[in-house]
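A note on names: the letters A, B, ... follow the listed sequences, proteins ahead of strands, and every chain is numbered from 1.
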There are 2 protein chains.
Amino acid sequence: MKEKELRRSLAVLPIGTVMRLTNLSARQIRYYEEQQLVTPKRNEGNRRMYSLNDIDRLLEIRDFLDEGINMAGIKHIYDEKARKEAQKKAQLEKPLTDRDVRKILRDEFMSVSGLVREDEVSFKHNKNF
Amino acid sequence: MKEKELRRSLAVLPIGTVMRLTNLSARQIRYYEEQQLVTPKRNEGNRRMYSLNDIDRLLEIRDFLDEGINMAGIKHIYDEKARKEAQKKAQLEKPLTDRDVRKILRDEFMSVSGLVREDEVSFKHNKNF
DNA sequence: TAAATCATGTAAGAAAAAGTGACATTGAAT
DNA sequence: ATTCAATGTCACTTTTTCTTACATGATTTA
């Protein structure tokens, strides 16, 4: 299903359409870009062009904001996501060591939000888990 | 899968995007509309807005033209298609009579292009088939 | 072959959409 | 009360799109 992936990442929508589809103002959409939460392409005439993936991202941002999360928080979420993606991809290159497997397992546990409080660092730092 | 149907019929693309996606000139795209081969929506500012279905239609038109079929021919093809769609929908309302079933079967045969020559009208008109 | 028609190109002028940059506003946190 | 984050608004410019009209090359038709 590489085809679908491609279609969803095609930058074909002007900002006017994105406004209607997301119920966001042009100001908001451009501001989120300024905050590096979305990175639309530009056409030859310097007009922003968005993909369906961009739309999804913007809808998600809108939801996060509605939940009361601020820009910094959202930025953090996406940075984390990108970091994990990159790491996962890197792992696929090299075979996993036992140590890697344990680390991944541990990370999975840690990312179950709310299970562990921020100040419970001892467990977090126990490399022998 | 009504969801997908909806997405494909959403008018979200400006003509510039359609040009890039189809490799057709604005002039061509507008001309095909003039010939009623496509019927894009308009936004509040009177700009043409196209759906993914419209894109498919335009690509198909381009292929027909490449095959040497002219506007009238293409128009005929789509008129036929629309006619059959309408008929099929109408049939779904009422239960089918035996006669209807035979007619549908016959039409199916007739629409297998090339099987029957244009001048072989006797078979075509034999209502007892 | 001359004339008409088809499909497309092109140009002009107007209107709409989108760009940037600056300043204003509002609500929440300090 | 001040600051800051998120958004609104305005001014001015560039790009895109619209419509209308006329031009052109390739086919059809008379």
Salt-bridged, B:R30 to B:E34, with N to O below 4.0 Å? no
Any side-chain hydrogen bond (donor to acceptor under 3.5 Å, both in side chains) involving residues 71-80 of chain A? Give me the pairs, sequence neighbours left out, ordered by first then second residue. A:Q35-A:K75, A:E60-A:Y78, A:E80-A:R83
Tell me, please, the opening and closing nucleotides of DNA chain C, 5' to 3', among those with an atom under 4.0 angstrom from a non-hydrogen atom of chain A. C:dA18 to C:dT20
With no hydrogens and no angle check, is any side-chain donor or acceptor of A:T17 less than 3.5 Å from a backbone partner on A:L13? no
Side chain to side chain donor-acceptor pair (under 3.5 Å) filter on A:D56, not counting sequence neighbours, yields A:R8
Residues 42-51 of chain B vs side-chain hydrogen bond (donor to acceptor under 3.5 Å, both in side chains), sequence neighbours excluded, gives B:E33-B:R48, B:R42-B:N46, B:S51-B:D54
Between protein and nucleotides 6-20 of chain D, map the contacts as a letter string: B base, S sugar-phosphate only, - none, heavy atoms under 4.0 Å, written 5' to 3'. BBBB----BSSBBB-
By side chain to side chain contact (heavy atoms under 4.5 Å, CB included), A:I69 pairs with (sequence neighbours left out) A:F64, A:E67, A:I74, A:I77
Just by distance, do the side chain of A:R57 and the backbone of A:L37 share a donor-acceptor pair under 3.5 Å? yes
